[in-house]
Amino acid sequence: MLKTCKTLTLTLAATALALTAPAQALVIDDFADPFNTNYVVYAGGAAGVSIPSSLAAAAVPGGYRSMTIAGDTSAGGTTFAAINGGGELWAFSTGAQRLNFTLSYGTVSAMNLDLSGSAFLRLQMYTSTPTKLSVYATTETTPGANPDGSALSLDLPALFKQDVDIPLGAFALNSSTGRAVNWSDVDGLAFFFSASEAGPGPSDAVWAQGLSALPVPEPQQSWLLLAGLFALALRRKAWRAAR
């Protein structure tokens, strides 16, 4: 009897520990590509190249990372974005140029990303000046059709480092199809960074060190198991006292 109680106690304890272990985040992009895998630059005053883009193969869902800069042809200065080779993406602008930078996935092939069990998208990043971040998520209904999509905008302060958690439940419908993105089959993600302040002003800069999806918190079933363990321990103590 004592051996049976001990075995059951150990089994329940192992199960409780398994359930209380935190679920793992899904890493979408760690920006760990070689130096200048993605590189895009706009110099003010260059006619006809106001929207330069860079598209490169990357170890991300969908297989490609796209970066785009919308420069101001009437403003001096330079806007620049690149993968720095050390697990970081950085974009900055100088002079009268203000940062207007897009990072996107799923532009070549669908991401086919299941985020139905996720609660947030997390960007590990830095900002040097107040920045507006708009995020778009899309699901392609059929080839060539307008995608179902939802969007969310956030105002980011000037902070040296922050984890920006983007709640999936806060996305609002932004689709000509009338249907929101299907979070179990996300085919495209796009992040639009733009300076919140009117120019000209100080240099704007954004650094990104990681993009991941955080899981929905597990239900507190483990507390029931722990309560059962406690009751079992009391019963075992009483049984031993009665012997």
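Just so you know, residue 1 is the first one in the sequence shown, and it goes up from there. What's counted below: heavy atoms across the whole structure, side chains too, no hydrogens, waters or symmetry copies. Being a predicted model, the structure only gives us computed values, none of them experimental.
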**Val206 side chain near Asp204 side chain, heavy-atom distance below 4.5 Å** = no
**Fill in**
Asp148 and Ala180 have their tightest heavy-atom pair at CB-O, 3.7 Å
**Prompt:** Quick one: does Ser116's side chain have a donor or acceptor within less than 3.5 Å of a partner on Ser184's backbone?
**Reply:** no
**Asked** Just wondering, do Ile51 and Thr68 contact through their side chains at under 4.5 Å, heavy atoms?
**Response** yes
**Request:** Would you mind reporting whether Phe193 and Lys132 have side-chain heavy atoms less than 4.5 Å apart?
**Result:** no
**Nearest-0.5 Å distance that lies between atom CG in Asp163 and atom CG in Asp165** = 6.5 Å
**Prompt:** Applying side-chain hydrogen bond (donor to acceptor under 3.5 Å, both in side chains), which residue pairs with at least one partner in residues 166-175 are found, sequence neighbours left out?
**Reply:** Ser175-Thr177
**Request:** Could you tell me which non-hydrogen atom of Val27 sits nearest to which non-hydrogen atom of Ser212, and how far apart they are?
**Result:** CA-CB, 4.0 Å
**Message:** I'd like to know whether Trp90 forms a side chain to side chain contact (heavy atoms under 4.5 Å, CB included) with Tyr126, so could you lay out the CA-CA distance, the side-chain angles of the two residues, the decisive distance to 0.1 Å, and finally the verdict.
**Reply:** CA-CA 9 Å; Trp90 45 286; Tyr126 305 70; over 6 Å; no
**Asked** Do Thr94 and Ser203 get their side chains close enough for a donor-acceptor pair, meaning under 3.5 Å?
**Response** no
**Item:** Residue pair Asp33 / Arg65: nearest heavy atoms and the distance that separates them
**Value:** OD2-NH1, 2.7 Å
**Item:** same_hphob_cluster(Met111, Leu152) at 4.5 Å side-chain heavy-atom cutoff
**Value:** yes
**Prompt:** With the 4.5 Å side-chain cut-off for hydrophobic clustering, are Leu211 and Leu26 part of the same group?
**Reply:** yes
**Item:** Atom pair CG (Leu156) and OG1 (Thr129), whose distance is rounded to the nearest 0.5 Å
**Value:** 10.0 Å
**Prompt:** Hey, does Leu133 have a side-chain heavy atom less than 4.5 Å from the side chain of Leu123?
**Reply:** yes
**Asked** At their closest point, which heavy atom of Leu115 faces which heavy atom of Leu121, and how far apart are they?
**Response** CD1-CD2, 4.1 Å
Under 3.5 Å, sequence neighbours excluded: what are the donor-acceptor pairs made by side chains of residues 54-62?
from  : atom 1 : to    : atom 2 : distance (Å)
Ser54 : OG     : Asn38 : ND2    : 3.1
Ser54 : OG     : Tyr39 : N      : 3.4

**Prompt:** Are any non-hydrogen side-chain atoms of Thr138 and Val186 less than 4.5 angstrom apart?
**Reply:** no
**Request:** Working to the nearest 0.5 Å, report the span between CD of Glu88 and CE of Met125.
**Result:** 11.0 Å
**Prompt:** If you round to the nearest 0.5 Å, how far is OG1 of Thr37 from CE of Met67?
**Reply:** 9.5 Å
**Other residues, nucleotides, ligands: >12 heavy atoms within 6.0 Å of Tyr64 OH** = no
**Request:** Indicate if Phe191 and Trp183 have the same hydrophobic cluster label, given that clusters are the connected sets of ILVMFWY residues with side-chain heavy-atom separations under 4.5 angstrom.
**Result:** yes
**Prompt:** Can you check whether Leu99's main-chain N or O pairs, donor with acceptor, with Ser93's side chain at less than 3.5 Å?
**Reply:** yes
**Asked** Below 6.0 angstrom between ring centroids: does that apply to Phe92 and Trp207?
**Response** no
**Message:** Tell me the closest heavy-atom pair linking Gly71 and Gln97, and the distance in Å.
**Reply:** CA-OE1, 3.8 Å
**Prompt:** With the 4.5 Å side-chain cut-off for hydrophobic clustering, are Leu214 and Leu189 part of the same group?
**Reply:** no
**Message:** Quick one, Asn100 and Thr79 - any side-chain contact, counting heavy atoms below 4.5 Å?
**Reply:** no
**Close side-chain approach of Ile166 and Phe171, heavy atoms under 4.5 Å** = yes
**Item:** Test item: Tyr42 side-chain N/O and Asp72 main-chain N/O as donor-acceptor pair under 3.5 Å
**Value:** yes
**Message:** I'd like to know if Leu103 and Leu154 are part of one continuous hydrophobic network [Ile/Leu/Val/Met/Phe/Trp/Tyr, side-chain heavy atoms within less than 4.5 Å].
**Reply:** yes
**Item:** Heavy-atom closest pair, residues Leu173 and Gly149
**Value:** CD1-O, 3.7 Å
**Asked** So do Tyr105 and Asp29 actually touch side chain to side chain, heavy atoms under 4.5 Å?
**Response** yes
**Prompt:** When rounded to the nearest 0.5 angstrom, what distance separates CZ in Phe101 from CD1 in Ile69?
**Reply:** 6.5 Å
